[in-house]
Amino acid sequence: MTSWVSRLLPRNGRSLATASENQRAEDRHRHQEAYGYFLPIQTRWQDNDQYGHVNNVVYYSYFDTIINQYLIRYCGLKTGLLMSPMVGFMVANQCTFHTPVSFPQIPVAALAVEKVGRSSVHYRLALFPPKPTKETPSVSHWDLSDGFFFGHPKLAHFASLACTTGSSVHVFVNPATSKPVGLPEDFRRGLLRLMSPAPG
């Protein structure tokens, strides 16, 4: 909605328009096409809460896992404080829960990059449950260590609609000073690989 139109609307009309736009964006982000990189997640018995499904707080660890797996595997992130010129501080996290998953299901986490700044990265995330069949998806060691990209045939084993969506923001800092540092060019290239817009 253009800015001059929104100014003409009454305040509650602008709020409704914004809510409608936010809902459309959320709906787009529930589809596999909105993401570039995928990583199967092996749920654990301890992930379940007393209601028999994965506890809400655990989803943040799944999202943290796919982000750091991609950064290590495809962007060259060094994780040791003594050998890394930068470390990532997670400064914002958000999750929206649509439907539950539970152990022993193997969902697939999904990652996209929305914005790359000088020292910050904004991620978009989702979790897709396995399709409801008698057999769990076949996941190899290589799937767990490398993940796979959009278009991979194994995505057919997972639902097309995400059970959880979310976002995170990393700020990369010098480990000695905790001050923001510029992202190296090769690191930035790996992130830009996932920076494709969600379909309209």
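- The side-chain hydrogen bond (donor to acceptor under 3.5 Å, both in side chains) pairs that include a residue from residues 65-76 are D64-N68, R73-D146, where partners are two or more places apart or lie in different chains.
- With sequence neighbours excluded, the residues that form a side-chain contact (heavy atoms from CB on, under 4.5 Å) with S120 are H122, V171.
- The salt bridge (Lys or Arg N to Asp or Glu O under 4.0 Å) contacts involving residues 148-170 comprise D143-K154, where partners must be two or more places apart or lie in separate chains.
- Listed by first and then second residue, the salt bridge (Lys or Arg N to Asp or Glu O under 4.0 Å) pairs that reach into residues 98-114 are E114-R124, sequence neighbours excluded.
- Minimum heavy-atom separation, T165 to R30: CG2-CG, 3.9 Å.
- The side-chain contact (heavy atoms from CB on, under 4.5 Å) search around E185 returns R188, R189, not counting sequence neighbours.
- Atom CG of N55 and atom CG of D49 lie 4.5 Å apart (nearest 0.5 Å).
- When each of F148, F149, F150 is paired with H152, the side chain to side chain contact (heavy atoms under 4.5 Å, CB included) condition holds for F148 and for no other.
- Summarising the geometry, atom CG belonging to L127 is positioned 4.5 Å from atom SG belonging to C163; distances are rounded to the nearest 0.5 Å.
- For R44, the side-chain hydrogen bond (donor to acceptor under 3.5 Å, both in side chains) partners two or more places apart in sequence, or in a different chain, are D47.
- Each of T164, T43, L39 was scored for a side chain to side chain contact (heavy atoms under 4.5 Å, CB included) with Y62, with one residue passing: T43.
- Aromatic rings from F158 and F38 are positioned such that their centres are separated by 6.0 Å or more.
- With H170 as the partner, the ring-ring contact (aromatic ring centres under 6.0 Å, His included) test is satisfied by one option alone out of F187, Y123, F89: Y123.
- Nearest heavy-atom pair, L191 versus V121, reported as atom, atom and distance to 0.1 Å: CD1-CG2, 3.5 Å.
- The aromatic rings of H53 and Y51 sit parallel to each other, their planes meeting at less than 30°, with 60° as the upper class boundary.
- Within 6.0 Å of NZ on K131 lie more than 12 heavy atoms contributed by other residues, nucleotides or ligands.
- Here the OG1 atom belonging to T96 is positioned 11.5 Å from the CG atom belonging to L125, to the nearest 0.5 angstrom.
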